[in-house]
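Please see the structure below; I have some questions.
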Amino acid sequence: MDCLTSLPQQDVQGYKWVRWRLWLCRLAAVLSLGVLLIVFHWRPRLAVLARCCSCPLALADILLIRPLPTCFVPFSLEMVVELEENEWRDTIQLHKEEKTLLRYYLFKGLRYIWLGRKGAFCLIHDVNSFRRCMYGPNLIDVQVKSYVKLLFEEVLNPFYVFQVFSITLWIVDNYYYYAICIFIISILSIGISLYEIRKQSVTLRNMARLVTNVTIRRNSGVEELVSSEELAPGDCLIIPQEGLLLPCDAALLAGECLVNESMLTGESVPVLKTPLLAGEGRYSSETEHRHTLFCGTQLIQAKGGGPGGSGAVAVVTSTGFFTAKGNLVSSILYPHPTDFRFYQDSAKFLLILGFVAFVGTIYKSDITDFLDVVTIAVPPALSAAITTGTIYAQHRLKSQGVFCISPPRINICGKVSLFCFDKVRGIPLAKVDCVCGEQLWPHVEVVFHQSTFVSPDRDSYGGRFPFSSALQRMSVVTVARGGCSALAFMKGSPEMVASLCRAETVPGQFSSKLHSFSSEGLRVLALAYKPVDGNADLRTIERCLSFHRGEVEKDMQFLGLMIMKNLVKPESAQVINMLRLAHLRTVMVTGDNILTAVNVAKSCGMVGFDDKVIFVNATPHTAQSIPTLRFRSILAAVINTFLVSSQGLYQSGFDYHLAINGKSFAALCDHFPEYLPKVLLRATVFARMAPDQKTQLVKELQKLNYKVGMCGDGANDCGALRAADVGVSLSEAEASVASPFTSKTENISCVPLLIREGRCSLVTSFSLFRYMASYSLIQLCAVLTLYSVRTRLSDKQFLLCDFFLVTTLAIVMGRGGPSDKLDPSRPSASLMSLPVLGSLFIHTSVIVLGQLAALFITTSQDWYVPINSTRIGADNLPNMEDTSVFALSGFQYIIMAVVVTKGYPHKKPLYYNSLLFLPRRLYFRVFLSAGLWKNLVEEPIAFWCRHCKIEHSLGRGPSS
């Protein structure tokens, strides 16, 4: 293992306190009544730049960490390390421990140690006398904040800061009823939010926290029972025979362990872990998966590593957040940030509304009126209203067995343009085409039961070299108690097994048969064996296993091919066809052989049976050859590289597909990056892809402006599921919680449902945003119109419009369900487009003209009573100007709710949402039957006095 690892993915800058700047910021905070502190809370980087100056890292009190473009760190682009604050997500404390002179900071739960000789903060990967001090306790500690602290952070959210500002302003302006209602709703919203946040934190902490007693062996050979919190990399861990729930990552040194890894993989079949082989290579948990015990997995049984053959011995390799489980928890705590245009445009749109309010009140000298208009133009309930559609969609998905831990991703589902699939097939059905005799078959069976301690034939026993994805094979040495010779058996990929067999034992038709089977979509394994010299007993096996693996697995005799057929799940072809008709591109990303993958792609409809498939073959640079890139059809005809790569790849309508395997994909990325985008645009099958290659593929597709969805399990595809814009896990493993979506249905039928709900939610959010913007503009026009005649809307009128009309309409508008079919078009996600801005401008113009017309028509009537010019604002209420504008604005609210509610083709038609018509009928009746309703409610006596004056001026007496 390397001693340390520096961090090329991070740009770390050091800062130290400047006393005069610090005092100046404190004075500015007092003079601004704490506003500066709020700004510093929102933008910690500004706090550092204002109070500190740059300095070398060795002298730093504060660290400013910026992820480089190649680093996918789940934080905001600018992160700050501060000495006093360690609780906020974007701040990390820089610790000083005087006793050991150790300086480090915590970042995502990991400790970065200052090494003077390196001049940098580094991750330590070796063992020394200070390892416990450097790594800290072996805990995946998820902080659960108190309600007081959560309340403080929630109130400092920009949305609630604006709410506090608005409520204060309304109270000053005598809007008491309205302010009280907003205050009560805000308190309820904050309370629910705090409860949900703390509940999620407690659930995650209970899942992550694991403390137990374990036995470790000291350097002196003495075994000691200690708490798992004291474990550090390098400790020798003694695993009891009955197993345990592992609190760390460890490499198995002696003995074998039967492990339940369903927490990570979702697979219910136990996995056998074997001792790490001696070698000079660097240890990696990814490449040595078969020898690594992962944190959080249940060790069912251990044997062969202790006295009398009981128990096992392992060395601790990772603790805390360094473990596989710690990485999983970290991905949940700090999810990949969403980069969605709808959310970006929302903030820009609010700035436009604020600018409109500023222009509309620029002539006003009263600062209170000016600020009041700003709160009207930027409605405080906007952010809550646009999440209504997402909440409804999340509830509908849950009822269908699809669970979402990141609701904002639902809207992103509506813009998915490409979906990658791994799980499209069913359980394999196997048959063996073998040339071995009956006397060899009991031994052959042992090859296929490497995950159990008891062989299928209880009269035979053996040891094993475990399967390695890098070596593409596994082998066993077995002997029967009846006195037969010891035999070594091997299974693996046909090409690898054939290369280790004696040439005369490999049939001449081997290549053609393999090609034929693979082309039919069959999964093929090869079998081989050889007699082992020596006496047929357990010592023979132990001596063989002590040999170098290459010595045992050479000069084998070819036995035959094992053929497995994976039937395509019946739902797969229907789903793929549905996505194809909706003009959604589908891609297969699998670990199968490329010919098998192509056959499956044809079976499920990703590739048409008449479509041409061209294989991309790229080779890396070697000592004997230069990198090459070739395109070959299934008929083995070499196609001109330039023609395939440059003609038509950015266009549609071509009847060919590219297929590439993992090795060629790696060579293409490393040596032919200029061809990579062109290949990705036409590639449909990606075979023999490793987990990290799947993640890289998703990111490369995103660079081509695809909104990428990924459907797979929660283990091997975990990285790709997190990197994708929409990740759907079909596994119930604990690791699947890192995926935004988890489906209980073990097939891909959830994908069209998710896309339909995403489109419905996006259209709903879009409509609600436009409605809330239109509502604010209607109210803004009404207020400015009334300001021009020295009056305004009353407190109760604001209350009626905002709560009993607009809020009710916004809630029921989000109820419309998704369309039953996927339309070829995708909904727009841009609020700054010309159609949106143009329609909003036209609507606003009609609104202004309508309100002005209502005002002019009212003032032109014979019975019109002019307003009292000696009074302004609320003192002039009630009056005819206010009543006419208010009554018309109520109709405008209702009409705009119908205009902006979009249905077909992504939502069900409007008439399916029956609740939407109930408030409309109610409010139409209210406004039609009582145009002067406000006057009747607020000032009945004054209304009747004014009404009598009107009747008298018309020559009629008051009605009896």
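Along the sequence shown, residues are numbered consecutively beginning with 1.
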How far apart are the C-alpha atoms of Val865 and Met880, what are their side-chain angles, what is the distance that settles it, and do they pass the side-chain contact (heavy atoms from CB on, under 4.5 Å) test?
CA-CA 7 Å; Val865 179; Met880 293 187 174; 4.2 Å; yes

Go through Val900 and Tyr775 one step at a time and tell me if the side-chain contact (heavy atoms from CB on, under 4.5 Å) criterion holds.
CA-CA 11 Å; Val900 302; Tyr775 139 71; over 6 Å; no

Would you name the heavy atoms of Leu768 and Gly389 that are closest together and state the gap between them?
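Reported closest heavy-atom pair: CD1-N, 4.1 Å.
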
Quick check: does any side chain N or O of Ser761 sit under 3.5 Å from a backbone N or O of Glu757, one acting as donor and the other as acceptor?
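Absent.
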
Student check: side-chain heavy atoms of Ile410 and Phe741 closer than 4.5 Å:
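Yes - at least one pair of side-chain heavy atoms lies under 4.5 Å apart.
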
Can a cation-pi geometry be assigned to Arg792 and Tyr787, taking NZ or CZ under 6.0 Å from the six-membered ring centre and within 45° of the ring axis?
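Pair Arg792/Tyr787 does not count as cation-pi.
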
Tyr177 atom OH: more than 12 heavy-atom contacts under 6.0 Å
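No, not enclosed.
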
What's the shortest heavy-atom distance between Thr168 and Val164, and which atoms?
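What the structure gives for the nearest pair is OG1-O, 2.8 Å.
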
Polar side-chain atom of Ser889 near backbone of Phe886 as donor-acceptor pair, under 3.5 Å:
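Such a contact is found between Ser889 side chain and Phe886 backbone.
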
Rounded distance (nearest 0.5 Å) linking atom CG of Leu786 with atom CD1 of Ile867
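Output value for this atom pair is 8.5 Å.
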
What closest approach, in Å, do Cys781 and Gln851 show between heavy atoms, and which atom pair accounts for it?
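Distance-wise, the nearest heavy atoms are C-OE1, 3.2 Å.
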
May I have the step-by-step check of side-chain hydrogen bond (donor to acceptor under 3.5 Å, both in side chains) for Ser146 and Arg198, ending in yes or no?
CA-CA 8 Å; Ser146 65; Arg198 201 170 193 277; over 6 Å; no

Can you see whether Thr764 engages Lys907 through a side-chain donor-acceptor pair at a distance of less than 3.5 angstrom?
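Yes.
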
State whether the side chain of Gln400 and the backbone N or O of Arg396 hold a donor-acceptor pair below 3.5 Å, judged by distance alone.
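Not confirmed, Gln400 side chain does not pair with Arg396 backbone.
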
Determine the minimum heavy-atom distance between Lys415 and Ser828, stating which atoms define it.
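In terms of heavy atoms, the two residues are closest at NZ-CA, 4.3 Å.
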
Note, Pro827 side chain near Phe766 side chain (heavy atom, < 4.5 Å):
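When only atoms from C-beta onward are counted, Phe766 and Pro827 do not touch, as no gap falls below 4.5 Å.
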
Give me the atom names and distance for the closest heavy-atom approach of His583 to Arg826.
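The answer is O-NH1, 4.2 Å.
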
Please report the C-alpha distance between Trp170 and Ser166 in whole Å, then the side-chain angles of each, then the deciding distance to 0.1 Å, and finally whether the side-chain contact (heavy atoms from CB on, under 4.5 Å) criterion is met.
CA-CA 6 Å; Trp170 295 329; Ser166 301; 3.6 Å; yes

Considering all heavy atoms of both residues, which atom of Tyr706 and which atom of Asp725 are nearest to each other, and what is their separation?
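Smallest interatomic distance, heavy atoms only, reads O-OD2, 3.8 Å.
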
Looking at Phe841, I want to see if its CZ is surrounded by more than 12 non-hydrogen atoms of other residues, nucleotides or ligands under 6.0 Å.
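Incorrect, the count does not exceed 12.
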
With heavy-atom distances below 4.5 Å as the criterion, would you say the side chains of Ser765 and Thr390 are in contact?
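Result yes, sub-4.5 Å side-chain heavy-atom pair found.
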
Step-by-step side-chain hydrogen bond (donor to acceptor under 3.5 Å, both in side chains) determination, Asp882 to Thr791:
CA-CA 7 Å; Asp882 168 69; Thr791 187; 5.4 Å; no

Is any side-chain heavy atom of His843 closer than 4.5 Å to one of Arg770?
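Answer yes - side chains close enough.
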
Checking the side chain of Arg756 only, and the main-chain atoms of Ser819 only, is there a donor and an acceptor separated by less than 3.5 Å?
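Checked: pair present.
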
